[in-house]
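Working notes for the structure below.
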Amino acid sequence: MAHQETDCLFCRIVRGEIPAKVVYRNDHVLAFRDISPVAPQHVLIIPLRHIASLSDLSPEDEGIAGQMLLAAGTVAGILGIRKSGYRVVFNSGPDAMQSVFHIHGHLIGGKQMGWPPFPA
Ligand code: DGP
């Protein structure tokens with residue numbers, strides 16, 4: 001098993017200690033539905049291995065970073081939104097309101113979204 005943290009919520013989901021609605025899993029990543037969806041489709045893509053945030057990625061993590069992005073297209077296909085479009089958001093740190101410190105990409109879609117995502 002890849003490096004895990006005992007008390008990390010998402011490591012516990014990887015280990016199956018906390019149930020989740022899994023959409024996709026391979027040898028590197030897990031994708032499961034967000035418990036508080038902000039869009040008709042909202043899935044979190046995480047590495048099986050514990051990495052706290054985008055800012056904690058190191059050059060040796062190049063492979064897993066790529067795996068997360070590759071999984072986004074695969075998951076969008078599973079959700080049926082690959083052609084209609086989707087957004088992948090990595091919140092990192094307090095200003096972005098990151099609340100779970102196991103890196104995750106929010107894949108959201110299933111509706112037309114605005115840009116920029118906040119008022120000017
Ligand atoms: P962030 O704020 O970017 O760290 O997003 C964390 C997300 O994790 C948030 O959208 C809600 C989701 N979340 C928190 N706890 C759980 C849980 O136990 N299960 C699932 N499926 N999602 C969770």
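Since the model is a prediction, treat every value here as computed from it, not as a measurement. Note that ligands are numbered from 1 as they come in the structure, with each ligand's atoms numbered from 1 the same way.
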Task: Which residues share a ring pair (Phe, Tyr, Trp, His ring centres under 6.0 Å) with H106, sequence neighbours left out - done: H42, H104
TODO: Return the set of residues passing ring pair (Phe, Tyr, Trp, His ring centres under 6.0 Å) with F32 (not counting sequence neighbours), or none when no residue passes.
DONE: F10
Open item on the list: Given 3.5 Å as the limit, does a donor-acceptor pair link the side chain of R33 with the main chain of A20, or not?
Closed with: no
Task: Q98 side chain vs V100 backbone, donor-acceptor pair below 3.5 Å - done: yes
- [ ] Give every residue pair that meets the salt bridge (charged side-chain N to carboxylate O under 4.0 Å, His left out) criterion with at least one member in residues 3-13, sequence neighbours excluded.
- [x] R12-E17
Between ligand 1 and the protein, find all N/O pairs closer than 3.5 Å and give the distance for each.
{"residue": "ligand 1", "atom": "2 (O)", "partner": "M97", "partner atom": "O", "Å": "3.0"}
{"residue": "ligand 1", "atom": "2 (O)", "partner": "S99", "partner atom": "N", "Å": "3.4"}
{"residue": "ligand 1", "atom": "2 (O)", "partner": "S99", "partner atom": "OG", "Å": "3.0"}
{"residue": "ligand 1", "atom": "3 (O)", "partner": "N91", "partner atom": "ND2", "Å": "2.8"}
{"residue": "ligand 1", "atom": "3 (O)", "partner": "H104", "partner atom": "NE2", "Å": "3.0"}
{"residue": "ligand 1", "atom": "3 (O)", "partner": "H106", "partner atom": "NE2", "Å": "2.8"}
{"residue": "ligand 1", "atom": "4 (O)", "partner": "S99", "partner atom": "N", "Å": "2.6"}
{"residue": "ligand 1", "atom": "4 (O)", "partner": "S99", "partner atom": "OG", "Å": "3.2"}
{"residue": "ligand 1", "atom": "4 (O)", "partner": "V100", "partner atom": "N", "Å": "3.0"}
{"residue": "ligand 1", "atom": "4 (O)", "partner": "H104", "partner atom": "NE2", "Å": "3.0"}
{"residue": "ligand 1", "atom": "5 (O)", "partner": "H104", "partner atom": "NE2", "Å": "3.1"}
{"residue": "ligand 1", "atom": "5 (O)", "partner": "H106", "partner atom": "NE2", "Å": "3.2"}
{"residue": "ligand 1", "atom": "10 (O)", "partner": "D34", "partner atom": "OD1", "Å": "3.2"}
{"residue": "ligand 1", "atom": "10 (O)", "partner": "D34", "partner atom": "OD2", "Å": "2.5"}
{"residue": "ligand 1", "atom": "21 (N)", "partner": "R33", "partner atom": "O", "Å": "2.9"}
{"residue": "ligand 1", "atom": "22 (N)", "partner": "I35", "partner atom": "N", "Å": "3.2"}

Open item on the list: Under 3.5 Å, is there a donor on one side chain and an acceptor on the other for Q4 and R49?
Closed with: no
